[in-house]
Chemist: 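The structure that follows is given in the form of structure tokens.
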Amino acid sequence: MNQMTPPPKIEFIPASAPFSEAQRSWLNGFFAGLLSTDGPAPLSAEQGGAVVQGPSGDGDDEAPWHDQTLPIAERMKLAEGRPLRRRMMAAMAQQDCGQCGYNCNDYSDAIASRAEARLNLCVPGGKETARMLKALNEELEKAPAASAGVPVTPAVSAAPAIAADTPVAATFVSRRLLNKPGSEKETWHIDFDLAGCGLDYVVGDSFGIFARNELGLVDQIIAMLGALHTTEVRGKTLREVLADDVSLAPAPDSLFELLSFITGGALREKARALAQGEDPDGDAASLDVMAALQKFSGVRPHPEAFVEALEPLQPRLYSISSSHNATPGKLSLTVDCVRYVVGKRRRLGLASTFLAERIKPGDQVKVYVQKAHGFALPQDPKTPIIMIGPGTGIAPFRAFLLDRKATGAPGKNWLFFGHQRSSYDFFYSDELNALKTSGLLTRMSLAWSRDGDKKFYVQDRMREVGRELWTWLAEGAHLYICGDAKRMAKDVERALIDIVTQFGARTTDEAVSFVGELKKKGRFQQDVY
Ligand SMILES: Cc1cc2nc3c(=O)[nH]c(=O)nc-3n(C[C@H](O)[C@H](O)[C@H](O)COP(=O)(O)OP(=O)(O)OC[C@H]3O[C@@H](n4cnc5c(N)ncnc54)[C@H](O)[C@@H]3O)c2cc1C
Ligand SMILES: NC(=O)c1ccc[n+]([C@@H]2O[C@H](COP(=O)([O-])OP(=O)(O)OC[C@H]3O[C@@H](n4cnc5c(N)ncnc54)[C@H](OP(=O)(O)O)[C@@H]3O)[C@@H](O)[C@H]2O)c1
């Protein structure tokens with residue numbers, strides 16, 4: 001849907017550098033020759049993160065809100081006065097993470113063109129995004145078709161094929177803890193067998209998992225409802241529906257609406273306020289379905305109405321950390337386990353704890369492969385790569401390295417990895433050290449955030465070796481970031497800009513546009529969440 005911009009010319013030597021015009025032109029040519037422009041098809045401008053070309057050609061291309069670190073209120077402000085499809089895009093979490101089956105721009109276009117009816121697919125945006133999309137969709141329903149900014153097509157027919165809509169069963173093989181005892185983290189290496197399930201993948205792709213809710217929580221909810229496990233709902237038992245089909249995490253507005261309908265007085269007012277996104281008691285953010293039922297403990301919805309008020313259970317994506325070329329038919333993941341306590345109750349991340357403790361070897365799990373859009377090894381195996389992946393961000397880079405080893409790719413490989421403590425949190429250390437010894441991993445730069453008195457992150461290590469990093473870039477290296485979207489990815493990008501400024505002899509503005517050009521050429525790719 002996005003139009004491609006022609007590959008822009010990169011000015012390696014800025015106008016401010018102390019060279020004559022002729023020298024500058026020769027040097028630009030020299031560096032351009034060194035820099036390979038191969039790799040995946042150029043990313044759309046949006047994936048480059050700066051400019052989005054709309055399908056309607058309405059000239060409304062800028063997407064200043066396309067920054068995952070901005071809060072929703074700020075994003076909506078930046079989109080004020082724009083066509084509905086653009087405001088819908090601003091409502092998305094801006095991670096282009098693919099969990100909804102689209103990128104942010106295409107998901108909003110699909111809703112605005114009425115090809116997609118589901119407004120709750122943006123997992124990282126959560127309730128805030130769903131609420132905003134609902135309001136914008138109401139505007140869409142009232143507005144004349146043209147005002148959305150995209151041609152209106154009848155629902156269903158135009159909806160694209162979404163991998164999550166056709167999951168298959170894969171076999172869970174095993175799990176192994178990657179942290180050593182004493183770590184504050186719990187990260188698992190997870191193995192699946194794809195034999196017979198018809199799935200295939202390439203490095204850079206992600207794996208979608210449909211998890212089951214924890215049965216202890218399901219049973220507590222059934223008890224709160226005063227219902228029987230076997231009560232029939234949607235042709236299944238209530239227990240099955242609550243385990244497999246609905247989200248028990250953030251209590252949706254529709255549940256508070258239901259609670260407001262079936263109660264009265266102050267409780268009704270409170271439920272109504274919560275349904276409208278207000279926070280009468282300052283606890284709205286921590287109300288999962290169970291906590292909502294406890295808060296309104298005297299109110300017992302009918303199981304059927306209750307299930308109807310819940311959101312469908314969404315799959316979770318994980319970067320694949322294996323290579324099909326190295327281990328055909330096998331697939332592995334690197335999963336950080338989400339557990340935390342609110343009040344007296346332990347809360348469990350749905351899919352991470354499902355993988356960490358609820359499935360057993362031999363179990364079949366509903367899965368799919370989410371093809372990566374613009375996150376892949378360079379087409380030319382000789383192209384050097386720089387991979388920056390702290391924490392679980394290591395996952396796709398383990399896959400890249402194993403793939404390059406299996407295919408005998410001669411390109412240089414540089415990995416930046418970091419985590420809390422070197423003694424406990426050095427994932428895959430034996431494997432990575434062996435790759436380093438064998439020469440496949442040309443450089444490995446490590447950053448341990450909690451080993452010293454002061455935090456030390458991958459971007460601090462990058463700054464220390466900025467000159468060499470710049471040299472690799474000038475040799476045509478592709479650069480990749482994977483891991484935390486909210487802070488790490490932005491901070492690493494900032495460090496990269498500083499390195500380009502310092503060692504590429506540029507002003508900050510020139511460095512920013514240099515990095516922007518790398519993105520547009522597909523030479524700077526991100527898999528962040
Ligand atoms: C493309 C992509 C690739 C990914 N790759 C990986 C990967 O390789 N490895 C990996 O581990 N993850 C990865 N993720 C993240 C993964 O999809 C899940 O989001 C993550 O595992 C959490 O899912 P969950 O179902 O376990 O937790 P959920 O049930 O979704 O719960 C998570 C939510 O719990 C809340 N929460 C978490 N901690 C706290 C706290 N301390 N206090 C209060 N609330 C809290 C937050 O609201 C958070 O959003 C990836 C995501 C994407 C989009
Ligand atoms: N909700 C939250 O508050 C929260 C917090 C952490 C992670 N997460 C999410 O949890 C998931 C898995 O996390 P993970 O296990 O991959 O590891 P992680 O918790 O993201 O940590 C990996 C390493 O990155 C460091 N780090 C923290 N902030 C950073 C920054 N701004 N720049 C660079 N490095 C930084 C951490 O240091 P320190 O921890 O010592 O600072 C740690 O050494 C991700 O989805 C992540 O987004 C959420």
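Whatever order the structure lists them in is the order used to number ligands and atoms, beginning at 1. All heavy atoms count here, side chains included; hydrogens, waters and symmetry mates do not.
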Chemist: Protein heavy atoms near atom 7 (C) of ligand 1, is at least one of them under 4.0 angstrom away?
Modeler: yes
Chemist: Evaluate the 4.0 Å heavy atom contact test for atom 37 (O) of ligand 2: does a protein atom fall under the cut-off?
Modeler: yes
Chemist: Tell me if the centroids of the rings in Phe524 and His478 come within less than 6.0 Å of each other.
Modeler: no
Chemist: Can the ring centres of Phe427 and Phe417 be said to be less than 6.0 Å apart?
Modeler: yes
Chemist: Looking at atom 3 (O) of ligand 2, would you say a protein heavy atom lies below 4.0 Å from it?
Modeler: no
Chemist: Could you tell me the residue and atom name of the protein heavy atom closest to atom 10 (O) of ligand 2, and the distance to it rounded to 0.1 Å?
Modeler: Asp336 OD2, 4.0 Å
Chemist: Using a 4.0 Å cutoff against the non-hydrogen atoms of Asp484, which atoms of ligand 2 qualify?
Modeler: 46 (C), 47 (O)
Chemist: Looking only at the aromatic ring of each residue, does the gap between the centers of Phe210 and Phe354 stay below 6.0 angstrom?
Modeler: no
Chemist: Centroid separation under 6.0 Å, is that true for the rings of Tyr480 and Phe400?
Modeler: yes
Chemist: What residue and atom, counting heavy atoms only, is the protein's closest point to atom 24 (O) of ligand 2, and at what distance?
Modeler: Pro390 CB, 3.9 Å
Chemist: Is atom 4 (C) of ligand 1 less than 4.0 angstrom from at least one protein heavy atom?
Modeler: yes
Chemist: What is the closest protein heavy atom to atom 39 (O) of ligand 2, and at what distance does it sit?
Modeler: Arg450 NH2, 2.8 Å
Chemist: What residue and atom, counting heavy atoms only, is the protein's closest point to atom 16 (C) of ligand 1, and at what distance?
Modeler: Leu317 O, 3.3 Å
Chemist: Around atom 34 (O) of ligand 1, find the nearest protein heavy atom and jot down its residue, atom name and distance.
Modeler: Tyr340 OH, 3.3 Å
Chemist: Got the closest protein heavy atom to atom 31 (O) of ligand 1, with its distance?
Modeler: Gly349 CA, 4.0 Å
Chemist: What's the shortest distance from atom 22 (C) of ligand 1 to any protein heavy atom, and which residue and atom give it?
Modeler: Val338 CG2, 3.9 Å
Chemist: For Ala356, does its backbone N or O pair with a side-chain atom of Thr353 as donor and acceptor, under 3.5 Å?
Modeler: no
Chemist: For Thr334, is at least one N or O under 3.5 Å away from an N or O on ligand 1?
Modeler: yes
Chemist: Could you check atom 29 (O) of ligand 1 against the protein and tell me its nearest heavy-atom contact, residue, atom and distance included?
Modeler: Leu350 N, 2.8 Å
Chemist: Taking the side chain from Asn213 and the backbone from Val246, do they hold a donor-acceptor pair closer than 3.5 Å?
Modeler: yes
Chemist: Using heavy-atom distances only, which candidate in Ala485, Gly483, Ser449 approaches atom 43 (O) of ligand 2 most closely?
Modeler: Ser449
Chemist: Check this for me: does any side-chain nitrogen of one of Lys236 and Asp245 sit under 4.0 Å from a carboxylate oxygen of the other?
Modeler: yes
Chemist: Give me the nearest non-hydrogen protein atom to atom 18 (P) of ligand 2 as residue plus atom name, then the distance to 0.1 Å.
Modeler: Lys185 NZ, 4.0 Å
Chemist: Could you tell me whether Glu128 and Arg131 make a salt bridge, using a distance below 4.0 angstrom between a side-chain N and a carboxylate O?
Modeler: no
Chemist: What do you think, any protein heavy atom under 4.0 angstrom from atom 30 (C) of ligand 2?
Modeler: yes
Chemist: With heavy-atom distances below 4.0 Å as the criterion, list the atoms of ligand 2 near Gln420.
Modeler: 39 (O), 43 (O)
Chemist: Students should be able to answer this: which protein heavy-atom is nearest to atom 33 (C) of ligand 2, and at what distance?
Modeler: Gln459 OE1, 3.1 Å
Chemist: Does Thr187 come within less than 4.0 Å of ligand 2, judged by its heavy atoms?
Modeler: no
Chemist: Report the residue from Leu469, Val515, Ile385 that forms a side-chain contact (heavy atoms from CB on, under 4.5 Å) with Leu479.
Modeler: Leu469
Chemist: Taking 4.0 Å as the limit for heavy-atom contacts, which would you say applies to Lys455 with ligand 2: side chain only, backbone only, both, or neither?
Modeler: side chain
Chemist: Take atom 49 (O) of ligand 1 and look for protein heavy atoms under 4.0 Å from it; say yes if you find one, no if not.
Modeler: no
Chemist: Between Tyr428 and His189, is the gap from one ring center to the other below 6.0 Å?
Modeler: yes
Chemist: For atom 21 (O) of ligand 2, what's the nearest protein heavy atom and its distance?
Modeler: His419 CE1, 3.9 Å
Chemist: Please list the nearest protein heavy atom to atom 15 (C) of ligand 1 with its residue and the distance rounded to 0.1 Å.
Modeler: Tyr529 CD1, 3.7 Å
Chemist: For ligand 1, indicate whether the residue Tyr318 contacts it via side chain, backbone, both or neither (heavy-atom separation under 4.0 Å).
Modeler: both
Chemist: Measuring centre to centre across the rings, with the benzene-like ring taken for any Trp, is Phe172 within less than 6.0 Å of Trp188?
Modeler: no
Chemist: Measure from the side-chain N and O atoms of Arg175 to the backbone N and O of Ile190, and report whether any donor-acceptor pair falls under 3.5 Å.
Modeler: no
Chemist: Between Thr353 and ligand 1, does any nitrogen or oxygen pair lie at a separation below 3.5 Å?
Modeler: no
Chemist: Using a 6.0 Å distance limit plus a 45 degree cone around the ring axis, check whether Lys180 lies over the aromatic ring of Tyr424.
Modeler: no
Chemist: Distance-only, no hydrogens or angles: does the Asp281 side chain make a donor-acceptor pair with backbone N or O of Asp283 under 3.5 Å?
Modeler: no
Chemist: I'd like to know if the side chain of Gln68 and the backbone of His66 have a donor-acceptor N/O pair within less than 3.5 Å.
Modeler: no
Chemist: Under 4.0 angstrom from atom 25 (O) of ligand 1, is there any protein heavy atom?
Modeler: yes
Chemist: Are side-chain N/O atoms of Gln94 and Asp67 paired as donor and acceptor at under 3.5 Å?
Modeler: no
Chemist: Do Ile481 and Met488 have side chains that approach each other closer than 4.5 Å (heavy atoms only, starting at C-beta)?
Modeler: yes
Chemist: Nearest to atom 11 (O) of ligand 1, what protein heavy atom do you find, and at what distance?
Modeler: Asp336 N, 2.8 Å
Chemist: When you measure from the centre of the six-membered ring of Trp414, is the NZ or CZ of Arg443 under 6.0 Å away and within 45° of the axis?
Modeler: yes
Chemist: Is a salt bridge present between Asp288 and Arg345, judged by a nitrogen-to-oxygen distance below 4.0 Å?
Modeler: yes
Chemist: Only heavy atoms of Gly391, strictly under 4.0 Å: list the atoms of ligand 2 that pass.
Modeler: 16 (O), 17 (O), 22 (C)
Chemist: Look at atom 23 (O) of ligand 1 and find which of Arg316, Gln526, Gln99 reaches it with the closest heavy atom.
Modeler: Arg316
Chemist: May I ask you to list the atoms of ligand 1 that are less than 4.0 angstrom from any heavy atom of Ala351?
Modeler: 24 (P), 25 (O), 26 (O)
Chemist: Can you pull out the closest protein heavy atom to atom 45 (O) of ligand 2? Residue, atom name and distance to 0.1 Å, please.
Modeler: Tyr529 CD1, 3.3 Å
Chemist: Thr129 side chain to Ala91 main-chain N or O, any donor-acceptor pair under 3.5 Å?
Modeler: yes
Chemist: Under 4.0 Å from atom 46 (C) of ligand 1, do we find at least one protein heavy atom?
Modeler: no
Chemist: What residue and atom, counting heavy atoms only, is the protein's closest point to atom 7 (C) of ligand 2, and at what distance?
Modeler: Arg487 NH2, 4.3 Å
Chemist: Closer than 4.0 Å to some heavy atom of Thr392 - which atoms of ligand 2 meet that?
Modeler: 12 (C), 14 (P), 15 (O), 16 (O)
Chemist: Can you list the atoms of ligand 1 that are under 4.0 Å from a heavy atom of Asp527?
Modeler: 1 (C)
Chemist: Taking only heavy atoms of Val335 into account, list the atoms of ligand 1 that are under 4.0 Å away from them.
Modeler: 11 (O)
Chemist: Between Glu357 and Arg339, is there a salt bridge with N-O shorter than 4.0 Å?
Modeler: yes
Chemist: If we only count N/O pairs under 3.5 Å, is Tyr457 in contact with ligand 2?
Modeler: yes
